[in-house]
Amino acid sequence: AKAAGGARWELFDADRNQQELARYALSAAIPTALERGEFYLDYQPLTSLRDGTMVGVEALVRWRHPELGELRPDRFIGLAEETGLIVPLGGWVLADAAREAENWPAGGRPAAPFVSVNLAVRQVHRPGLVRQVLQVLERTGLPPERLQLEITESAMMSTTGEPVHALRALADMGVRIAIDDFGTGYSNLAYLRDLPVTELKIAGNFVAGLRGCPSDPKTRTDERILASLVSLAHALDLTVTVEGVETAAQADRLRAIGCDAAQGWHFGRPGPTGQILDRLDRERQA
Ligand code: C2E
Ligand code: CA
Ligand code: CA
């Protein structure tokens with residue numbers, strides 16, 4: 001029995017080693033993949049809950065890997081963060097999203113939708129972020145108001161020094177700053193006082209509860225949490241976007257609670273930029 005246990009452990013270790021190797025190989029392939037153009041962006045609408053217009057669009061990175069096929073960001077973003085390769089990869093995402101968004105027409109509306117780009121912790125803390133963003137805006141001609149940077153709460157844990165200065169400078173230029181996955185990380189809200197945040201994005205986990213039956217206590221708790229996050233945001237003059245909205249019933253509840261915008265399959269799945277252009281076209285004709 002003991003020997004068998006030992007063998008199991010070896011197997012487990014070998015498995016772990018294999019996994020580590022696979023992870024290493026994947027991250028080592030990122031620079032070449034960038035050169036070969038294997039990364040691409042999908043775009044997902046952020047829809048106003050008041051009038052149904054598409055106020056913004058989130059850029060989501062994907063990897064068309066020659067052997068492994070289509071890879072979701074969850075497979076490689078963590079790795080890229082660990083190895084620092086998120087810096088060139090994130091730089092490419094920012095530049096490509098801005099280049100694409102610059103082509104979106106305003107149509108009949110006051111302005112074309114903004115493009116929302118995820119920034120990894122490392123990118124936020126890196127000196128030169130402001131210069132990099134400025135350069136992208138200059139090269140693409142995208143107005144700063146049409147760029148939103150999504151930052152997670154964990155990136156905001158140290159609200160002193162470089163990141164705060166950088167984010168203030170960007171906000172002063174007119175760039176929007178959103179807190180991503182708000183309510184899933186730390187309960188320390190001091191950064192909301194110190195940072196020029198314009199929007200809170202609430203992760204889908206509270207919305208899942210809205211699917212349930214309204215008399216279910218869990219549904220009611222989720223709804224109360226959402227309602228209080230919305231009033232917190234509005235008290236601070238921030239807009240609220242809720243993610244992971246999959247049904248019309250959820251959208252209705254969120255509208256009643258006072259959420260400003262929603263993102264999720266109910267309003268549109270992530271897809272190629274052509275899908276965004278079609279949607280703008282339909283809005284113009286409506
Ligand atoms: P996120 O920023 O929270 O992005 C939203 C995720 O929810 C996306 O997954 C999106 O496809 C998914 N989603 C959208 N609507 C629904 C819905 O109605 N139901 C459900 N169940 N899911 C929905 P995706 O594209 O796999 O991205 C996963 C995460 O990868 C993102 O989470 C973000 O943290 C990260 N990520 C994606 N692109 C980038 C990037 O360019 N840079 C960095 N640093 N991270 C990125
Ligand atoms: Ca995001
Ligand atoms: Ca999110």
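Read the numbers this way: they start at 1 and go in the same order the structure lists the ligands and their atoms. Side chains included, hydrogens not; waters and symmetry mates left out as well; all remaining heavy atoms used.
Each of Gln263, Glu58, Gln44, Gln148 was scored for a side chain to side chain donor-acceptor pair (under 3.5 Å) with Ser116, with one residue passing: Gln148.
Between the side chain of Arg284 and the backbone N or O of Gly108 there is no donor-acceptor pair closer than 3.5 Å. A donor-acceptor pair under 3.5 Å is absent between the side-chain atoms of Glu223 and the main chain of Ile257, judged by distance alone. With hydrogens and angles ignored, the 3.5 Å screen pairs a side-chain donor or acceptor of Thr198 with a backbone N or O of Ile177.
Residue Pro113 comes nearest to Trp104 through the heavy atom pair O-CE3, 3.9 Å, listed as atom of the first residue, atom of the second, then distance. The minimum heavy-atom distance linking Arg109 with Thr53 is given by the pair NH2-CB, 4.1 Å.
With the Ca ion (ligand 2) at the apex, Asn118 OD1 and Glu58 OE2 define an angle of roughly 90° (rounded to 10 degrees).
Shown are the protein N/O/S atoms under 3.0 Å from the Ca ion (ligand 3), given by residue and atom: Asp180 OD1, Asp181 OD1, Glu243 OE1, Glu243 OE2.
Using the six-membered ring where Trp is involved, Trp92 and Phe39 have ring planes that are tilted, between 30° and 60° apart.
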What are the polar N/O contacts of ligand 1 with the protein below 3.5 Å, with distances?
{"unit_1": "ligand 1", "atom_1": "2 (O)", "unit_2": "Glu58", "atom_2": "OE2", "d": "3.2"}
{"unit_1": "ligand 1", "atom_1": "2 (O)", "unit_2": "Asn118", "atom_2": "OD1", "d": "3.3"}
{"unit_1": "ligand 1", "atom_1": "2 (O)", "unit_2": "Asp180", "atom_2": "OD2", "d": "3.1"}
{"unit_1": "ligand 1", "atom_1": "3 (O)", "unit_2": "Asp181", "atom_2": "OD1", "d": "3.4"}
{"unit_1": "ligand 1", "atom_1": "3 (O)", "unit_2": "Glu243", "atom_2": "OE2", "d": "3.4"}
{"unit_1": "ligand 1", "atom_1": "15 (N)", "unit_2": "Gln44", "atom_2": "NE2", "d": "3.0"}
{"unit_1": "ligand 1", "atom_1": "18 (O)", "unit_2": "Trp265", "atom_2": "N", "d": "2.8"}
{"unit_1": "ligand 1", "atom_1": "19 (N)", "unit_2": "Glu246", "atom_2": "OE2", "d": "2.6"}
{"unit_1": "ligand 1", "atom_1": "21 (N)", "unit_2": "Glu246", "atom_2": "OE2", "d": "3.1"}
{"unit_1": "ligand 1", "atom_1": "25 (O)", "unit_2": "Arg62", "atom_2": "NH1", "d": "2.9"}
{"unit_1": "ligand 1", "atom_1": "25 (O)", "unit_2": "Arg62", "atom_2": "NH2", "d": "2.9"}
{"unit_1": "ligand 1", "atom_1": "25 (O)", "unit_2": "Arg72", "atom_2": "NH2", "d": "3.4"}
{"unit_1": "ligand 1", "atom_1": "26 (O)", "unit_2": "Arg72", "atom_2": "NH2", "d": "2.9"}
{"unit_1": "ligand 1", "atom_1": "38 (N)", "unit_2": "Val61", "atom_2": "N", "d": "3.2"}

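Of the inter-residue distances, the one linking Asp51 atom CG with Glu283 atom CD reads 8.0 Å to the nearest 0.5 angstrom.
Taking the side chain as every heavy atom from C-beta outward, Val245 and Thr47 never approach each other to under 4.5 Å.
In this model, no donor atom of one side chain and acceptor atom of the other lie less than 3.5 Å apart for Glu246 and Trp265.
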